[in-house]
Amino acid sequence: MRETHHHLDLSSRPRRNRRTPAIRGLVRETSLDASHLIYPLFVQDGETQPIESMPGQKRWSLDDLIGEVKRAHDMGINAIVLFPKVPHEHKTETGEHAYDPCGLAQRAIQAVKQNVPEVCVITDVALDPYNCDGHDGIVSPTGEVLNDETVAVLCKQAISHADAGADIVAPSDMMDGRVAAIRAALDHAGHTNVSIMSYTAKYASAFYGPFRGALDSAPRSGGSGKPIPEDKATYQMDPANQREALRELELDEAEGADIVMVKPAGPYLDVIAKMREVTTLPIAAYQVSGEYAMIKAAAATGGLDEQALVIETLTGIRRAGADMVLTYFAPQVAEWLS
Ligand code: PBG
């Protein structure tokens, strides 16, 4: 007989549900699976190059891109987003290269759809890679980022991505009214099956720094002499605001978005959770370049475990209410989970 110990008279002992791995598996509320992940990839013409600001990430040549997409797909990653790095000679004040049928983005979309057709190709709709001023929209002579003029160009860009074979276009520009305009333009061009993943609550964040390094796309004075806003605060959201995200959500729903996004992810879990309460649409969250670089830097000190950090941050993003997560760790996570 076991000695009777004095014990507390507790009606509930939550630790019983944590006692063994099998029980913990039964009560686990949040799952993380490769099917939830979207892999962002940088592309350029010429040779594949490492990205200094994002250790482990590369700007892929079109040939190597196909290999990387196949590798990721073999591990269970079924969706990618493409980010083209366009040379400066192709950048203009109005970003015409954005809708060039032979542009880098369009060729990359075609190459992936030809070689790995089962992978869902998502494209970024915004002007910053093509704009010599480094803004997502057209900058006026007085330094204003123009809304309606920009939306007209974004519509052409979205159609050209759909023509090239994109499954989903993702406007990341934060101009007003662009989802409705892009939906109408796509439908008019016969692309009723192409989805819109809207960057609904995209914050003016310091966490995009490494991405702008990777694409050399930060706002800059292009030599035209006009004043260029140093940041994106007149169109991307103020990190202090939560209710405003719900306002953007209502608009994107009404305008026909298929998927709504919160970006960055980790510092904005409350925004994901609030949106989850009020929308029936799928929610995407973007673990951005700065979140990636921060984890890489922390792991490089030797004091933190990279795998554990990545799984925990992604689980937190899913727990907050995201259906899908864009993360540069996608193929690595798929490997860890298998
Ligand atoms: C550009 C765009 C950005 C990102 C995705 N699309 C940068 C920005 O808005 O300045 C950031 C992604 C990342 O940091 O990983 N429209």
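Read the numbers this way: they start at 1 and go in the same order the structure lists the ligands and their atoms. All of these numbers come straight from a predicted model, not from anything done at the bench. What's counted below: heavy atoms across the whole structure, side chains too, no hydrogens, waters or symmetry copies.
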Subject >> Protein residue, atom and distance nearest to atom 9 (O) of ligand 1, heavy-atom basis >> reply: K202 NZ, 2.6 Å

Original post:
Taking the six-membered ring for Trp, are Y203 and Y268 parallel (under 30°), tilted (30 to 60°) or perpendicular (over 60°)?
Top reply: parallel

Original post:
In ligand 1, which numbered atoms sit nearer than 4.0 Å to a non-hydrogen atom of K263?
Top reply: 2 (C), 3 (C), 4 (C), 5 (C), 6 (N), 11 (C), 12 (C)

Original post:
Looking at D124, which atoms of ligand 1 are within less than 4.0 Å of one of its heavy atoms?
Top reply: 1 (C), 6 (N), 16 (N)

Original post:
Any idea how H97 and H90 line up, ring-wise: parallel (<30°), tilted (30 to 60°), or perpendicular (>60°)?
Top reply: parallel

**OP:** Please determine, by modelled atom types, if H191 and D163 share a side-chain donor-acceptor pair under 3.5 angstrom.
**Re:** yes

Original post:
Going hydrophobic residue to hydrophobic residue with side-chain gaps under 4.5 angstrom, can you get from I77 over to I66?
Top reply: yes

Original post:
How about Q287 and T313: does a side-chain donor come under 3.5 Å of a side-chain acceptor?
Top reply: yes

Original post:
In terms of ring plane angle, is the pair H135 and Y235 parallel, tilted or perpendicular, where the classes change at 30° and 60°?
Top reply: perpendicular

Subject >> Identity and separation of the nearest protein heavy atom to atom 16 (N) of ligand 1 >> reply: S172 OG, 2.7 Å

**OP:** Compute the shortest N/O to N/O distance between Y199 and ligand 1 and return yes if it is under 3.5 Å, no if not.
**Re:** no

Subject >> Any F83 heavy atom less than 4.0 Å to ligand 1 >> reply: yes

**OP:** Specify the protein heavy atom at minimum distance from atom 14 (O) of ligand 1: its residue, its atom name, and the distance to 0.1 Å.
**Re:** S289 OG, 2.7 Å

Subject >> Donor + acceptor pair across side chains of S35, D33 (<3.5 Å) >> reply: yes

**OP:** Give a yes/no on ligand 1: does D128 have at least one heavy atom closer than 4.0 angstrom to it?
**Re:** yes

Original post:
What atoms of ligand 1 come closer than 4.0 angstrom to any heavy atom of A126?
Top reply: 16 (N)

Original post:
Are V153 and Y99 close enough that some pair of their side-chain heavy atoms sits under 4.5 Å apart?
Top reply: yes

**OP:** Looking only at protein heavy atoms, identify the closest one to atom 8 (C) of ligand 1 and say how far it is in Å.
**Re:** K232 NZ, 3.3 Å

Original post:
Cluster question for you: counting only ILVMFWY and a side-chain heavy-atom cut-off of under 4.5 Å, with indirect links fine, are L32 and M75 together?
Top reply: no

Subject >> Atoms of ligand 1, numbered as shown, that sit under 4.0 Å from any heavy atom of Y208 >> reply: 8 (C), 9 (O), 10 (O), 11 (C), 14 (O)

**OP:** State the atoms of ligand 1, each with its element, that fall below the 4.0 Å cut-off from a heavy-atom position in Y286.
**Re:** 12 (C), 15 (O)

**OP:** Give the residue, atom name and distance (to 0.1 Å) of the protein heavy atom nearest atom 12 (C) of ligand 1.
**Re:** F211 CD1, 3.3 Å

Original post:
So, does E291 sit close enough to ligand 1 that a heavy atom of it is under 4.0 Å from the ligand?
Top reply: no

Original post:
Would you say the side chains of Y208 and Q236 form a donor-acceptor pair under 3.5 Å?
Top reply: no

Subject >> Residue Y328 vicinity, atoms of ligand 1 by number, heavy atom under 4.0 Å >> reply: 12 (C), 13 (C), 15 (O)

